[in-house]
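Written below as structure tokens is the structure these notes are about.
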Amino acid sequence: MANHRYNAYADFFRRTYGERMQKLSIDAGFSCPNRSSNNRTDGGCTFCNNSAFNPSYCTPQKSIRQQLDEGISFHEHRYRKTGRYLAYFQAYSNTYAPLEVLKERYGQALSHPQVAGLIIGTRPDCVDERVLDYIATLTKTHFVAVEYGAESCYDDTLRLINRGHDFATTRRAIEMTVERGIGCGIHLILGLPGEDRNKILLETDIVNSLPINTLKLHQLQILKGSQMERHYDGSLPVPPEEAIMHFQLDEYIALVCDFLERLRPDIMMERFAGEVPPRFQAQPQRSWRRPDGRLIRNEEIPLLVDAELARRDSRQGSHYNPHPKQ
């Protein structure tokens, strides 16, 4: 097992189940309330182009079983010792449907002989007690976790990115999930409009107050086809309070390490950065590259984080304050 200076989610599975369990992304054909015909906002979240994050085998035109089979084939050459997998309902909001639809689609995934559980990605405004009660029944026989796209802990940011809910909704969804014994994690995007380095680091106090198990950090990426591409393409003046931060790689690694040092030690880290194919990037010149011009791949970021923590002789939680000033 790797000797990380942060609490790695992958290590949890090796400790608990004695093996790696690879996630297999699924696009089960769900949508989200920001895109439906009765949407409460206009055009969805400003950063979103969901297609940028879907693997090539992941499309709703294929059955869930076919996506799982192709996902296993895709990963088995790289992770030869992986025998069991987690079906990751990734695309859009995977609780945004009638309960009977959720039961049918989750059941398809769990019927696969190599699937040991579910990871359900969704929005905090797309769960209720009935849905969570059902998901809780699945935990009796399978590993199940819910991942919420929190994106930011600040209501002013959530309004700017057209998120359609406030942070109180995120906190409430997390508490309802954890009360039922369901594993729970959140995603945060670093560098959103109006969030400078200091504001990002202050989020750690808020994250530490949540009863979550896991955390994903992603850097903001301006994606082709997103509203944010049109707003931040350089053709329109942007007020200072809505400016976005563009991190050089060393700046981002330093920020992540600063964040980790303040983070509760028991929170398991799933990832530190996002990666999309260059064809989806509206600002490819800002991609992180080696001196020879090759792109820095996502799996290299944890190595750089560990190296920076080692350089500091530090680790996750080394500056954690369990009693921050309110």
Answer yes or no: is there a donor N or O on one side and an acceptor on the other, between the side chain of [X] and the main chain of [Y], under 3.5 Å?
X      : Y      : result
Ser318 : Ser314 : no
Asp27  : Gln90  : no
Asn208 : Pro322 : no
Ser93  : Thr95  : no
Thr139 : Val144 : no
Glu151 : Arg163 : no
Asn213 : Gly185 : no
Arg264 : Ile212 : yes
Gln316 : Asn7   : yes

Original post:
Residues in salt bridge (Lys or Arg N to Asp or Glu O under 4.0 Å) with Glu270, at least two apart?
Top reply: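 With neighbours one apart ignored, the set is Lys23.
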Subject >> Validation row, ring centre Tyr96 to ring centre Tyr92 under 6.0 Å >> reply: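 No, the ring of Tyr96 stays outside the 6.0 Å limit from the ring of Tyr92, centre to centre.
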Subject >> Stepwise salt bridge (charged side-chain N to carboxylate O under 4.0 Å, His left out) test for Lys103 and Glu100 >> reply: CA-CA 5 Å; Lys103 289 180 178 180; Glu100 292 308 311; 3.6 Å; yes
Do the side chains of [X] and [Y] get close enough for a salt bridge, i.e. N-O under 4.0 angstrom?
X      : Y      : result
Glu308 : Arg311 : yes
Glu299 : Arg271 : no
Glu261 : Arg315 : no
Glu147 : Lys216 : yes
Arg123 : Asp125 : yes
Arg130 : Asp128 : no
Asp69  : Lys62  : no
Arg262 : Asp205 : no

[atom1]-[atom2] distance between [X] and [Y], expressed to the nearest 0.5 angstrom:
X      : Y      : atom1 : atom2 : result
Leu263 : Leu201 : CG    : CG    : 11.5 Å
Asn198 : Glu203 : CG    : CD    : 11.0 Å
Asp266 : Thr214 : CG    : OG1   : 11.0 Å
Ile189 : Gln221 : CD1   : CD    : 9.5 Å
His165 : Asp155 : NE2   : CG    : 9.5 Å
Phe280 : Lys224 : CZ    : NZ    : 9.5 Å

Name the orientation class of the two ring planes belonging to [X] and [Y] (parallel below 30°, tilted from 30 to 60°, perpendicular beyond 60°).
X      : Y      : value
Tyr252 : Trp288 : tilted
Tyr106 : Tyr134 : parallel
Tyr6   : Phe272 : perpendicular

**OP:** Assess Arg105 against Phe30: is NZ or CZ under 6.0 Å from the centre of the six-membered ring, and within 45 degrees of the ring's axis?
**Re:**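 So Arg105 does make the cation-pi contact.
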**OP:** Show your reasoning for whether side chain to side chain donor-acceptor pair (under 3.5 Å) applies to Arg20 and Gln22.
**Re:** CA-CA 6 Å; Arg20 175 190 177 88; Gln22 174 65 36; 2.6 Å; yes
Is it possible for you to say whether [X] and [Y] belong to one hydrophobic cluster, with membership spreading through side-chain heavy-atom contacts below 4.5 Å?
X      : Y      : answer
Leu215 : Leu220 : yes
Leu202 : Phe247 : yes
Phe12  : Leu24  : no
Leu110 : Ile182 : yes
Ile267 : Phe259 : yes

Distance-minimising heavy-atom pair for [X] and [Y]:
X      : Y      : answer
Pro193 : Glu242 : CB-O, 3.4 Å
Asn162 : Gly44  : ND2-O, 3.0 Å
Asn94  : Thr122 : N-OG1, 3.7 Å
Lys199 : Asp196 : N-OD1, 2.8 Å
Ile301 : Ala273 : CG1-CB, 4.2 Å
Ile72  : Gln114 : CD1-OE1, 3.7 Å

Donor on one side chain, acceptor on other, [X] and [Y], under 3.5 Å:
X      : Y      : value
Arg65  : Gln67  : no
Ser209 : Arg171 : yes
Tyr148 : Thr177 : yes

Can you find a heavy atom in the side chain of [X] that is under 4.5 Å from one in the side chain of [Y]?
X      : Y      : result
Leu255 : Glu251 : no
Arg180 : Glu129 : yes
Leu118 : Tyr88  : no
His187 : Leu217 : no
Tyr85  : Met21  : no
Ser152 : Leu192 : yes
Phe143 : Thr16  : no

Original post:
Taking it one step at a time, do Phe13 and Leu86 satisfy side chain to side chain contact (heavy atoms under 4.5 Å, CB included)?
Top reply: CA-CA 11 Å; Phe13 288 104; Leu86 300 171; 3.6 Å; yes
**OP:** Step by step, work out the side chain to side chain contact (heavy atoms under 4.5 Å, CB included) result for Arg290 and Glu300.
**Re:** CA-CA 11 Å; Arg290 301 183 183 90; Glu300 298 176 71; 2.7 Å; yes
Original post:
Does atom CZ of Arg297 have more than 12 heavy-atom neighbours, drawn from other residues, nucleotides or ligands, at distances under 6.0 Å?
Top reply: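 Atom CZ in Arg297 is not crowded, with 12 or fewer foreign heavy atoms closer than 6.0 Å.
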**OP:** Given side chain to side chain contact (heavy atoms under 4.5 Å, CB included), test Val305 with Cys257 step by step and report yes or no.
**Re:** CA-CA 6 Å; Val305 169; Cys257 290; 4.0 Å; yes
**OP:** Apply side chain to side chain contact (heavy atoms under 4.5 Å, CB included) to Arg289 and Ile296, showing your working.
**Re:** CA-CA 5 Å; Arg289 295 180 182 273; Ile296 296 287; 5.6 Å; no
